[in-house]
Amino acid sequence: MVVAAFLAFSVPPYLTFDPSLSRLRPPEGNDLYYPLLVAHVLFGSVAMATACFQIWPAFRARHRRGHRITGRVYVFGGVLPAGLLGLYIGWHTAAGPSVRVANLVGSALWLAVTIAALRMARRRRYGEHRKWMSRSFALTMSIVLSRVVNVVATIVLMPRVDTTFGGSEELMRHSAASIGVWLSPLLLLLLTDWLLERRKPGGASLSTLRPQPATG
């Protein structure tokens with residue numbers, strides 16, 4: 001439901017192919033940016049939609065073939081093209097150097113953990129595959145959290161426009177965006193690894209440690 005609501009809000013402006021409706025301002029003189037941004041959004045939407053099937057336990061258990069098919073779509077029709085395009089979009093962002101570095105690091109990590117998950121699946125190391133795919137899912141969904149963090153950061157920083165940011169509202173908004181794109185993937189990756197650690201098998205149970213009666 002969260003993914004559906006986010007996509008319903010975020011994607012339609014890009015389906016018009018009108019640069020004036022873009023939520024990200026295209027750099028002046030770069031005619032390639034907007035078409036690649038639209039492609040990035042569409043491939044990212046595929047990644048977000050198919051990622052839900054990857055972590056849906058009932059679907060995975062009952063529809064093994066469907067899980068494999070949506071997994072391939074997630075990787076080859078979602079993350080890989082969206083991540084590669086994200087490197088270009090991130091490099092040419094107009095939101096300042098901090099956002100640029102965050103976008104580049106985030107796209108590179110997204111590609112790396114997804115490729116690691118794919119490699120583990122092909123080697124039939126399914127336990128490791130699930131761990132890496134969980135991290136890939138976290139990075140896929142970080143865009144949703146970053147929008148929330150961005151709004152909160154903007155509200156918190158707004159009273160400081162005239163002091164910290166020297167009267168520049170644009171600089172304040174760039175700083176709020178920077179907080180969102182750095183903090184969101186970090187929080188979700190930390191949460192993911194914490195959950196993975198919690199689900200590790202514990203030590204031997206008391207029943208296995210008690211001496212067992214001898215049988216004749």
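Quick note: numbers below take in every heavy atom, side chains included, and nothing from hydrogens, waters or symmetry partners.
For the side-chain contact (heavy atoms from CB on, under 4.5 Å) with T192, the qualifying choice from M141, R135, E197 is R135, the only one to do so.
Residue M48 is grouped with residue L15 when hydrophobic side chains (ILVMFWY) are merged at heavy-atom distances under 4.5 angstrom, including chains of intermediate members. Both L189 and V101 sit in one connected hydrophobic cluster of ILVMFWY residues. Membership requires side-chain heavy atoms under 4.5 Å apart, directly or through other members. Criterion: ILVMFWY side-chain heavy atoms under 4.5 Å apart, direct or through other members. Under it, L80 and V38 are not part of a common hydrophobic cluster. Cluster membership check: F137 does not share its hydrophobic cluster with L183, using side-chain heavy-atom separations under 4.5 Å among Ile, Leu, Val, Met, Phe, Trp and Tyr. Cluster membership check: L36 shares its hydrophobic cluster with F17, using side-chain heavy-atom separations under 4.5 Å among Ile, Leu, Val, Met, Phe, Trp and Tyr.
Taking CG from L187 and CH2 from W182, the interatomic distance works out to 13.5 Å, rounded to the nearest 0.5 Å. Annotation: the span from S10 atom OG to R147 atom CZ amounts to 6.5 Å, rounded to 0.5 Å. Between the CG atom of L109 and the CG atom of L104 there is a distance of 11.0 Å, given to the nearest 0.5 Å. Taking CD1 of I89 as the reference point, atom CZ of R100 lies at 12.5 Å (rounded to 0.5 Å). N150 CG to L157 CG: the interatomic distance, rounded to the nearest 0.5 Å, is 9.5 Å. Taking OG of S134 as the reference point, atom CG of L139 lies at 11.0 Å (rounded to 0.5 Å).
Between the side chain of S146 and the backbone N or O of G180, no donor-acceptor pair lies under 3.5 Å. Side-chain N or O atoms of Y33 include none that pairs as donor or acceptor with a backbone N or O of T93 at under 3.5 Å. The closest donor-acceptor contact from the side chain of H40 to the backbone of A82 lies under 3.5 Å. Judged by distance alone, the side chain of H129 and the main-chain N or O of A117 form a donor-acceptor pair under 3.5 Å. Side-chain atoms of T50 come within 3.5 Å of backbone atoms of V46 as a donor-acceptor pair (strictly under, hydrogens ignored). Using modelled atom types, one side-chain atom of T16 and one backbone atom of P13 make a donor-acceptor pair closer than 3.5 Å.
Here the closest non-hydrogen pair linking A102 and V181 is CB-CG2, 3.5 Å. Shortest non-hydrogen contact noted between G83 and S107 is O-CB, 3.7 Å. Nearest heavy-atom pair across S45 and V11 is OG-CG2, 3.3 Å. The nearest pair of heavy atoms linking V3 to C52 is CG2-SG, 3.8 Å. Across every non-hydrogen atom of A39 and L85, the tightest pair is CB-CD1, 3.6 Å. Here the shortest heavy-atom pairing between E169 and V161 reads N-CG1, 4.0 Å.
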- Are M120 and R123 close enough, and set up right, to give a side-chain contact (heavy atoms from CB on, under 4.5 Å), and what steps lead you there? CA-CA 5 Å; M120 293 300 105; R123 295 179 181 181; 4.1 Å; yes
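Using a 4.5 Å heavy-atom threshold, the side chains of I179 and V156 count as separate. Within the 4.5 Å cutoff, side-chain heavy atoms of R173 are placed close to those of M158. Side-chain contact check for F6 versus I143: some heavy-atom pair is nearer than 4.5 Å. Using a 4.5 Å heavy-atom cutoff, the side chains of L118 and M133 are not in contact.
Under a 4.0 Å N-O distance rule, the pair E128/K131 qualifies as a salt bridge.
Few gaps surround CG on D18; more than 12 heavy atoms of other groups in view lie less than 6.0 Å from it. For CZ of F165, the number of neighbouring non-hydrogen atoms (other residues, nucleotides, ligands) closer than 6.0 Å is greater than 12.
Evaluation of the ring pair (Phe, Tyr, Trp, His ring centres under 6.0 Å) test over residues 79-118, restricted to residues two or more places apart or in two chains, returns Y88-H92.
Listed by chain and number, the residues in a ring-ring contact (aromatic ring centres under 6.0 Å, His included) with H67 amount to none (sequence neighbours excluded).
Side chain to side chain, S136 and T114 meet the donor-acceptor criterion of an N or O pair below 3.5 Å. A donor and an acceptor atom, one from each side chain of Y126 and R124, are located under 3.5 Å apart.
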